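Take a look at the structure set out below.
In each ligand, atom 1 is the first atom listed, and ligand 1 is the first ligand listed. All values derive from a computational prediction rather than experimental measurement.
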Amino acid sequence: MKKWFVPGILTACCLLAILLVFFSLREDEPSGGSHEAAPSATAGEGAATVDAEAATAIYKANCISCHGDQLQGGMGPALTQVGAEMSQDDIHKQIANGGGGMPAFKGRLSDEEINTVAVWLASKK
Ligand code: HEC
């Protein structure tokens, strides 16, 4: 075992932990200085902001196989402009209940996660 290995890993872990804390603090920050980074959704419940990072993570884990890595569609329809055709509410219902060949995500994703994705998709127009 090389001498630097254990201290190296420890340092890397510490740095990672600091970064994680830093980023989660920044996300929790009330719309203080950072709202230029998160465009707010135009439709729907007014104050809902698009958390594109969280939404893409959920999308990648659950939706990419049918809707494609660029929302271009595949087995399911393209979602690139879904916000122009469906309200945030409709999108939420489609994800929660599925239908037309799409599985329901109600039990698999929390309501909050579905909402995060719905707000994000509703901004695609
Ligand atoms: C097993 C494949 C599959 C998966 C996984 C899947 N979908 Fe779908 N999705 C479909 C199909 C098929 C339709 C078309 C349903 C219809 O025409 O009624 C659809 C429709 C939709 C629609 C409505 C689009 C429109 O124009 O009618 C939305 C929004 C949507 N999916 C979002 C998602 C999201 C978000 C996820 C991940 C949480 C997801 N889908 C996962 C297959 C899938």
ask   = What atoms of ligand 1 come closer than 4.0 angstrom to any heavy atom of M75?
value = 2 (C), 12 (C)

message = Which residue and atom name correspond to the protein heavy atom nearest atom 26 (O) of ligand 1, and how close is it?
response = E85 OE1, 3.9 Å

request  = Report yes or no: does Y59 contribute a side-chain atom to a donor-acceptor pair with the main-chain N or O of L121 at less than 3.5 Å?
outcome  = no

ask   = Looking only at heavy atoms, what is the nearest atom pair of K124 and L79, with distance?
value = CB-O, 3.8 Å

inquiry  = Quick check: closest heavy atoms across Q94 and M86, and the distance to 0.1 Å?
reply    = CB-CE, 4.1 Å

ask   = Nearest protein heavy atom to atom 5 (C) of ligand 1, by residue and atom, and its distance?
value = N62 O, 3.3 Å

request  = Taking only heavy atoms of L121 into account, list the atoms of ligand 1 that are under 4.0 Å away from them.
outcome  = 35 (C)

request  = Would you mind checking which non-hydrogen protein atom is closest to atom 41 (C) of ligand 1, with the distance to 0.1 Å?
outcome  = F105 CE1, 3.4 Å

remark   = What one should report as the nearest heavy-atom pair of T116 and D51 is CG2-O, 3.9 Å

query = Which pair of heavy atoms, one from A96 and one from A104, lies closest together, and at what distance?
reply = O-CB, 3.2 Å

query = Which heavy-atom pair separates V119 from Q88 by the least distance, and what is that distance?
reply = CG2-NE2, 3.4 Å

request  = Mark up the atoms of ligand 1 that fall under 4.0 Å of a heavy atom belonging to I91, in ascending order.
outcome  = 29 (C)

Atom indices of ligand 1 within 4.0 angstrom of M86 heavy atoms, with elements = 23 (C), 24 (C), 25 (C), 27 (O)

ask   = Between the side chain of Q72 and the main-chain N/O of Q70, is any donor-acceptor distance below 3.5 Å?
value = yes

ask   = Closest approach of W120 and V50, non-hydrogen atoms and distance?
value = CD1-CG1, 3.6 Å

request  = Using a cut-off of 2.8 Å, count how many protein N, O or S atoms are strictly closer to atom 8 (Fe) of ligand 1.
outcome  = 2

ask   = Between G101, A122, G100, G74, which one has a non-hydrogen atom sitting closest to atom 17 (O) of ligand 1?
value = G100

task = Give the contacting part of P103 toward ligand 1: side chain, backbone, both or neither, where contact means a heavy-atom distance below 4.0 Å.
result = side chain

remark   = Between the CD1 atom in I95 and the CG atom in D111, the distance rounded to the nearest 0.5 Å is 10.5 Å

key: For ligand 1, the portion of I58 having any non-hydrogen atom under 4.0 Å away   = neither

request  = Enter the distance from R108:CZ to I58:CD1 here, rounded to the nearest 0.5 Å.
outcome  = 13.0 Å

Contacting atoms of ligand 1, where contact means under 4.0 angstrom from a heavy atom of V117 = 35 (C)

message = Checking K93 now: which residues fulfil side chain to side chain contact (heavy atoms under 4.5 Å, CB included) with it, not counting sequence neighbours?
response = D89, N97

request  = From the options A55, A78, G99, select the one whose nearest heavy atom is closest to atom 15 (C) of ligand 1.
outcome  = G99

